[in-house]
Trainee: 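Structure incoming, see below.
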Amino acid sequence: NGVSFFHQQITEYFAAFHFSTLYNNNPIILEDIILYKKWDFVLGLASTFFEKEKEEEYFSKLLERDILFAIECTSYMISDNKHIAIKKILEKILKDIDQFEFEFIIRIKQALNHINFNIEHEELLRKLKGYKNIIGGAAVIGLVKAFDGNKHIKDEIMNELFQEDIGDYNYIASLGRSLSGYITIDEFQNLIEKVGELETSENEESILSCIGAMADSLELDDVISVFKTLNSLNNMQRSILAETLMERNEEMCLELCFQL
């Protein structure tokens, strides 16, 4: 009797297992199948059936074919090779970053946001961070996740906001997104007080967006209390408060800003 499966992924699971057997006997088979996008899930899942050394060799071939696909494949990997595969991805990006077109950079950034980095990837992430662009911003987010938002990494990022060569708009915005969910209300207050020492900044719009992203993860009442504890607000502080309130569609926005 024939056997059929209701869900396609069950079929793909067995196809991946069968492909891994074929590849072990004849690695050249990958060169033909790798050209067809419809095999992406099967090829990615197949990596879980290889021995450690074979899996590393297999992944390197996938990476040479398509870096975005290789990033996706790491989500299927469960062996010790996963962190090695992620290192290979970061090394590949560092090697080719100057050749990437803008749209491709956006896609890489989105893909990197789904990788679970750890502290073993710190050195490579910091090298990417040094570009201070869109991919550099993704590296910042990866660093914060790798260190689980510890105080050292948070202080480093918040201090970077007040440096002269801070990077482009996308990078600065990523600094804020990286700390959303990690920053405490006390750290936020210290940050706002430091903004009060600034008269102006050529990156003012970017900094406003960055700090606004941090505020989004905090309770609104706590954010408002921070501003109420200050004797007076400069223009940047007022703008941060106004943007935070408007983002949450608060009717009291203008009234409160005038009060402060």
Side-chain angles (χ1 to χ4, degrees), residues 30 34 37 40 43-44 47 50 52-150 152-161 163-180 182 203 206 210 213:
L30 178 63
I34 206 169
K37 283 288 184 181
D40 278 4
L43 294 178
S47 67
F50 295 120
K52 186 174 181 179
E53 290 184 6
K54 182 67 73 171
E55 182 183 31
E56 187 173 345
E57 168 203 296
Y58 178 77
F59 182 81
S60 295
K61 292 183 178 180
L62 295 183
L63 182 59
E64 285 303 316
R65 172 231 172 172
D66 186 339
I67 189 171
L68 292 172
F69 176 51
I71 292 173
E72 182 182 344
C73 285
T74 62
S75 64
Y76 311 130
M77 300 176 72
I78 56 176
S79 71
D80 294 338
N81 268 358
K82 183 169 184 174
H83 78 273
I84 297 175
I86 293 173
K87 281 186 175 181
K88 286 180 178 291
I89 288 169
L90 295 176
E91 288 168 350
K92 176 73 171 174
I93 294 174
L94 282 165
K95 176 185 174 185
D96 298 342
I97 190 169
D98 293 329
Q99 303 171 30
F100 296 152
E101 295 182 358
F102 180 76
E103 290 185 3
F104 192 64
I105 287 175
I106 295 295
R107 294 176 66 192
I108 287 181
K109 168 215 158 188
Q110 293 169 340
L112 288 177
N113 287 339
H114 296 292
I115 291 182
N116 293 320
F117 295 105
N118 61 43
I119 58 175
E120 294 183 22
H121 307 128
E122 179 184 5
E123 181 180 354
L124 293 169
L125 285 171
R126 286 192 178 279
K127 287 181 179 179
L128 281 176
K129 177 179 176 292
Y131 281 87
K132 297 187 176 183
N133 56 10
I134 293 174
I135 292 181
V140 169
I141 293 173
L143 269 174
V144 174
K145 289 181 179 178
F147 284 88
D148 197 24
N150 68 23
H152 173 75
I153 197 74
K154 286 191 293 184
D155 288 346
E156 176 186 332
I157 291 171
M158 285 187 281
N159 289 334
E160 190 170 355
L161 276 176
Q163 295 176 4
E164 291 185 9
D165 183 22
I166 191 174
D168 67 18
Y169 178 88
N170 293 291
Y171 177 76
I172 299 171
S174 293
L175 295 180
R177 288 194 297 272
S178 72
L179 294 186
S180 180
Y182 290 103
N203 297 305
S206 303
C210 174

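The basis for the numbers below is simple: all heavy atoms, side chains too, and nothing from hydrogens, waters or symmetry mates.
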Trainee: When rounded to the nearest 0.5 angstrom, what is the spacing between CZ in R126 and CD in E156?
Mentor: 4.0 Å
Trainee: Measuring from atom CD1 of I166 to atom OH of Y171, what distance do you get when rounded to the nearest 0.5 angstrom?
Mentor: 8.0 Å
Trainee: Give a yes or no on whether the backbone of N118 and the side-chain of H121 come within a donor-acceptor separation of less than 3.5 Å.
Mentor: yes
Trainee: Mind checking what makes salt bridge (Lys or Arg N to Asp or Glu O under 4.0 Å) contact with D96, not counting sequence neighbours?
Mentor: K92
Trainee: Going through the checks in order, is the side-chain contact (heavy atoms from CB on, under 4.5 Å) test met by L112 and I93?
Mentor: CA-CA 11 Å; L112 288 177; I93 294 174; 3.9 Å; yes
Trainee: Search all heavy atoms of S178 against all heavy atoms of L175 and return the closest pair with its distance.
Mentor: OG-O, 2.7 Å
Trainee: For Q163, does the CD atom have more than 12 heavy-atom neighbours from other residues, nucleotides or ligands under 6.0 Å away?
Mentor: yes
Trainee: If you round to the nearest 0.5 Å, how far is NZ of K61 from CG of L43?
Mentor: 12.5 Å
Trainee: How far does CD1 of I71 sit from CG of N113, to the nearest 0.5 angstrom?
Mentor: 10.0 Å
Trainee: Can you tell me how far apart CD1 (I67) and CD1 (I89) are? Round to the nearest 0.5 Å.
Mentor: 6.5 Å
Trainee: How about L62 and L30: do any of their side-chain heavy atoms sit closer than 4.5 Å?
Mentor: yes
Trainee: In chain order, what residues pass the side chain to side chain donor-acceptor pair (under 3.5 Å) check against Q110, with sequence neighbours excluded?
Mentor: none
Trainee: Evaluate whether atom CG of N150 has more than 12 neighbouring non-hydrogen atoms of other residues, nucleotides or ligands under 6.0 angstrom away.
Mentor: yes
Trainee: Using every non-hydrogen atom in the two residues, find where A139 and L125 come nearest and quote the distance to one decimal.
Mentor: CB-O, 3.4 Å
Trainee: Please report the C-alpha distance between N133 and N170 in whole Å, then the side-chain angles of each, then the deciding distance to 0.1 Å, and finally whether the side-chain contact (heavy atoms from CB on, under 4.5 Å) criterion is met.
Mentor: CA-CA 6 Å; N133 56 10; N170 293 291; over 6 Å; no
Trainee: Using a cut-off of 6.0 Å, state whether more than 12 heavy atoms not belonging to I106 lie near its atom CD1.
Mentor: yes
Trainee: If I compare all heavy atoms of G176 with all of A213, which pair ends up nearest, and what's the gap?
Mentor: C-CB, 3.9 Å
Trainee: How close do Y182 and K145 get, counting heavy atoms only, and between which atoms?
Mentor: OH-CA, 4.0 Å
Trainee: Show the nearest heavy-atom pair for residues E120 and K87, with the distance to one decimal.
Mentor: O-CE, 3.3 Å
Trainee: Using a cut-off of 6.0 Å, state whether more than 12 heavy atoms not belonging to R107 lie near its atom CZ.
Mentor: no
Trainee: Please test I84 against K88 for side-chain contact (heavy atoms from CB on, under 4.5 Å), starting from the C-alpha separation and ending with a verdict.
Mentor: CA-CA 6 Å; I84 297 175; K88 286 180 178 291; 4.1 Å; yes
Trainee: CD1/I135 to OG/S174 distance, rounded to the nearest 0.5 angstrom?
Mentor: 11.0 Å
Trainee: Tell me, do E122 and F147 make a side-chain contact under 4.5 Å, heavy atoms counted?
Mentor: yes
Trainee: Any carboxylate oxygen within less than 4.0 angstrom of a Lys/Arg side-chain nitrogen, looking at E123 and K127?
Mentor: yes
Trainee: Heavy atoms only: give me the nearest L94-I97 pair and the separation to one decimal.
Mentor: O-CG2, 3.7 Å
